[in-house]
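Numbering of residues begins at 1 and proceeds along the displayed sequence.
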Amino acid sequence: QVQLVESGGGLVQPGGSLRLSCSASGSFFRISHMGWYRQAPGEQRELVATITSSGLTNSADSVMGRFTISRDNAKNTVYLQMNSLKPEDTAIYYCNAGVQGSWYANYQDYWGQGTQVSVSS
C-alpha cells in the first residue's frame, strides 16, 4: 500500500509564501509523475502543477511565475513553492502520484489527504 503525506499548509497574508511537501511511503517499484491539485469550496478540483520523473514540469496559467514544483526522487518527495500568494489561491491542496507497485504492474494514481492553504489579511 502506498501513502502520500502532505505538509506545509497554513494561513498566510496576501503576497506571502508557503512551501508544500508530499512524501510517498510504502512498498512500490517506482513513481512516474507527481503533482499538485487544489479544490476551493464549491469548485471542482483543478491541476496546479505536475512534474515527471525526469523533471519536466507543467503548471496552470493561474500560478505560472508564482509557484514552482520540484521533486527529490531519492526521497520520493514532491514540493510546491508558492510565492506571491493571492486570496484566490485559497483551497485544499492535494498531492498526486503515479505509482508502479512492481516491475510488471501498471501505474496507479494515488492521492494525499489534502492540506489547507488559506490566503487572507
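A 4.5 Å side-chain heavy-atom check between Asn96 and Met34 finds every atom pair outside the cut-off. Between Trp36 and Leu20 the shortest side-chain heavy-atom distance falls below 4.5 Å. At a threshold of 4.5 Å between non-hydrogen side-chain atoms, the residues Leu85 and Leu18 count as touching. Contact annotation: the side chain of Thr115 never approaches that of Ile92 to less than 4.5 Å [non-hydrogen atoms, C-beta and beyond]. The shortest distance between side-chain heavy atoms of Ile69 and Gln81 does not fall below 4.5 Å. Side-chain contact between Tyr93 and Leu80: present, with at least one pair of heavy atoms (C-beta onward) separated by less than 4.5 Å. Two residues are said to be in side-chain contact when any heavy atoms from C-beta on lie closer than 4.5 Å; Thr50 and Thr57 fail this criterion. Using a 4.5 Å heavy-atom threshold, the side chains of Tyr107 and Val99 count as separate.
Heavy atoms only, all atoms of each residue included: Ser59 and Ala49 are closest at OG-CB, 3.8 Å. Residues Ser53 and Asn73 come closest through the heavy atom pair O-ND2, 3.0 Å. Closest non-hydrogen pair, Ser121 versus Pro14, comes out as N-CD, 3.7 Å. Nearest heavy-atom pair across Ala97 and Leu4 is N-CD1, 3.8 Å.
Between Gln1 atom CD and Ser25 atom OG the span is 10.0 Å, to the nearest 0.5 Å. Atom OG of residue Ser84 and atom CZ of residue Phe67 lie 9.0 Å apart, to the nearest 0.5 angstrom. Summarising the geometry, atom OG belonging to Ser62 is positioned 9.0 Å from atom CG belonging to Leu47; distances are rounded to the nearest 0.5 Å.
Around CD of Gln44, the count of heavy atoms belonging to other residues, nucleotides or ligands within 6.0 Å does not exceed 12.
A donor-acceptor pair is defined here as one N or O able to donate and one able to accept, closer than 3.5 Å; such a pair exists between the side chain of Glu6 and the backbone of Gly114. Under a 3.5 Å cut-off, the side chain of Arg71 and the backbone N or O of Thr52 do form a donor-acceptor pair. In this structure a side-chain-to-backbone donor-acceptor pair under 3.5 Å is present from Thr77 to Lys75. The backbone N or O of Ala24 sits nowhere less than 3.5 Å from a side-chain atom of Gln3 that would complete a donor-acceptor pair. The backbone N or O of Val119 lies less than 3.5 Å from a partner atom in the side chain of Thr90, making a donor-acceptor pair.
The other residues sharing a hydrophobic cluster with Trp103 are Phe29, Tyr104, where clustering joins ILVMFWY side chains under 4.5 Å apart.
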>> Checking Gln100 against Ile31 for the side chain to side chain contact (heavy atoms under 4.5 Å, CB included) test, could you report, in this order, the C-alpha distance in whole Å, the side-chain angles of both residues, the deciding distance, and whether it holds?
In response: CA-CA 6 Å; Gln100 190 179 17; Ile31 300 174; over 6 Å; no
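In this model, a donor atom of one side chain and an acceptor atom of the other lie less than 3.5 Å apart for Asp109 and His33. For Gln108 and Asn106, the side-chain atoms include no donor-acceptor pair closer than 3.5 Å.
Note: Tyr37 and Trp111 have perpendicular aromatic rings, judged against thresholds of 30 and 60 degrees for the angle between ring planes.
Within the cation-pi definition used here (under 6.0 Å to the ring centroid, within 45° of the axis), Arg38 does not qualify as a partner of Tyr94.
Under the 4.5 Å side-chain heavy-atom criterion for grouping Ile, Leu, Val, Met, Phe, Trp and Tyr, Ile51 is not connected to Tyr79 through any hydrophobic cluster.
For residues 92-121, every residue pair satisfying the disulfide bond (SG atoms under 2.5 Å apart) rule, not counting sequence neighbours, is listed here: Cys22-Cys95.
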